[in-house]
Amino acid sequence: QVQLVESGGGLVQAGGSLRLSCVATGRTFSSYAMGWFRQPPGKEREFVAVISWSGRSTNYADSVKGRFTISRDNAKNTVYLQMNSLKPEDTAVYFCAAAATGWAPEDLGLYGYWGQGTQVTVSS
């Protein structure tokens with residue numbers, strides 16, 4: 001079992017920045033690919049970013065490329081999402097998730113563990 005707890009969400013003006021954190025407890029964190037997903041109001045959950053277990057491979061949704069950066073610190077069992085140049089359309093509940101894979105998947109169906117989510121609201 002892996003337990004995930006996100007933090008760092010909040011209210012920010014357009015153009016601002018936030019850094020989300022996700023702390024994992026339980027099984028070996030470093031063996032899991034870690035992803036960030038988000039669910040805007042009234043919409044389905046969508047892929048945002050993913051990082052492989054080693055940290056050497058990352059991938060991003062087109063909508064956040066160049067603005068968001070995913071990173072991980074395996075010594076601290078933590079994955080981060082640095083979000084810059086935020087837009088109102090980034091408003092969503094953000095979830096971190098863990099996948100027991102050797103690569104960095106975008107398919108949320110491959111993620112077996114999820115956090116409870118943290119709200120990010122970007123005002124215009």
Take L108 and F95 through the test side-chain contact (heavy atoms from CB on, under 4.5 Å) and record every step on the way to the result. CA-CA 11 Å; L108 63 83; F95 299 88; over 6 Å; no

Under 3.5 Å, which donor-acceptor pairs link side chains of residues 3-15 to any protein atom two or more places apart or in another chain?
{"from": "Q3", "atom 1": "OE1", "to": "T25", "atom 2": "OG1", "distance (Å)": "3.2"}
{"from": "E6", "atom 1": "OE1", "to": "Q116", "atom 2": "N", "distance (Å)": "3.1"}
{"from": "E6", "atom 1": "OE1", "to": "Q116", "atom 2": "NE2", "distance (Å)": "3.4"}
{"from": "E6", "atom 1": "OE1", "to": "G117", "atom 2": "N", "distance (Å)": "2.9"}
{"from": "E6", "atom 1": "OE2", "to": "C96", "atom 2": "N", "distance (Å)": "2.9"}
{"from": "E6", "atom 1": "OE2", "to": "G117", "atom 2": "N", "distance (Å)": "3.3"}

Apply side-chain contact (heavy atoms from CB on, under 4.5 Å) to the pair I70 and W36, showing each step before the final yes or no. CA-CA 8 Å; I70 189 171; W36 284 98; 3.5 Å; yes

Is there a path of hydrophobic side-chain contacts, each under 4.5 Å between heavy atoms of I/L/V/M/F/W/Y residues, joining [Y] to [X]?
X   : Y   : result
Y60 : Y94 : yes
M83 : V79 : yes
F68 : V50 : no

Heavy-atom pair with the smallest gap, counting every atom of [X] and [Y]:
X    : Y   : result
Y111 : G35 : CE2-N, 3.6 Å
L18  : L86 : N-CD1, 3.9 Å
Q39  : E44 : CG-C, 4.0 Å

Quick one, F29 with V2, criterion side-chain contact (heavy atoms from CB on, under 4.5 Å). Give me CA distance, side-chain angles, the key distance, then yes/no. CA-CA 8 Å; F29 172 76; V2 176; 6.0 Å; no

State, yes or no, whether a side-chain contact exists between T118 and L20 at a heavy-atom distance under 4.5 Å.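 Touching, per the 4.5 Å side-chain cut-off.
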
Set of ring pair (Phe, Tyr, Trp, His ring centres under 6.0 Å) partners for W114, sequence neighbours left out: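 By the ring pair (Phe, Tyr, Trp, His ring centres under 6.0 Å) rule, W114 matches F37.
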
Tell me which pairs pass disulfide bond (SG atoms under 2.5 Å apart) where either residue lies in residues 27-65, with sequence neighbours left out.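 Non-adjacent pairs meeting disulfide bond (SG atoms under 2.5 Å apart): zero.
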
By side chain to side chain donor-acceptor pair (under 3.5 Å), which residues pair with [X], not counting sequence neighbours?
X   : value
S31 : none
D73 : none
S57 : none
S17 : N84

Is there a side-chain contact (heavy atoms from CB on, under 4.5 Å) between T91 and Q119 once you walk through the steps? CA-CA 8 Å; T91 294; Q119 176 69 47; 4.0 Å; yes

T101: side chain to side chain contact (heavy atoms under 4.5 Å, CB included) partners, not counting sequence neighbours: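 So T101 forms a side chain to side chain contact (heavy atoms under 4.5 Å, CB included) with A33, A99, W103, P105.
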
Counterpart residues, side chain to side chain contact (heavy atoms under 4.5 Å, CB included), relative to S71 (two or more places apart):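 S71 satisfies side chain to side chain contact (heavy atoms under 4.5 Å, CB included) with Y80 once adjacent residues are dropped.
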
By salt bridge (charged side-chain N to carboxylate O under 4.0 Å, His left out) - contacts of [X] (at least two apart):
X   : answer
K43 : none
E46 : R38
R67 : D90

Starting at CZ of R72, measure out to OG of S30 and round the result to the nearest 0.5 Å.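 Reported value, rounded in 0.5 Å steps: 7.0 Å.
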
Atom pair OH (Y32) and OG (S52), whose distance is rounded to the nearest 0.5 Å: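 Rounded to the nearest 0.5 Å, the OH-OG separation comes to 15.5 Å.
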
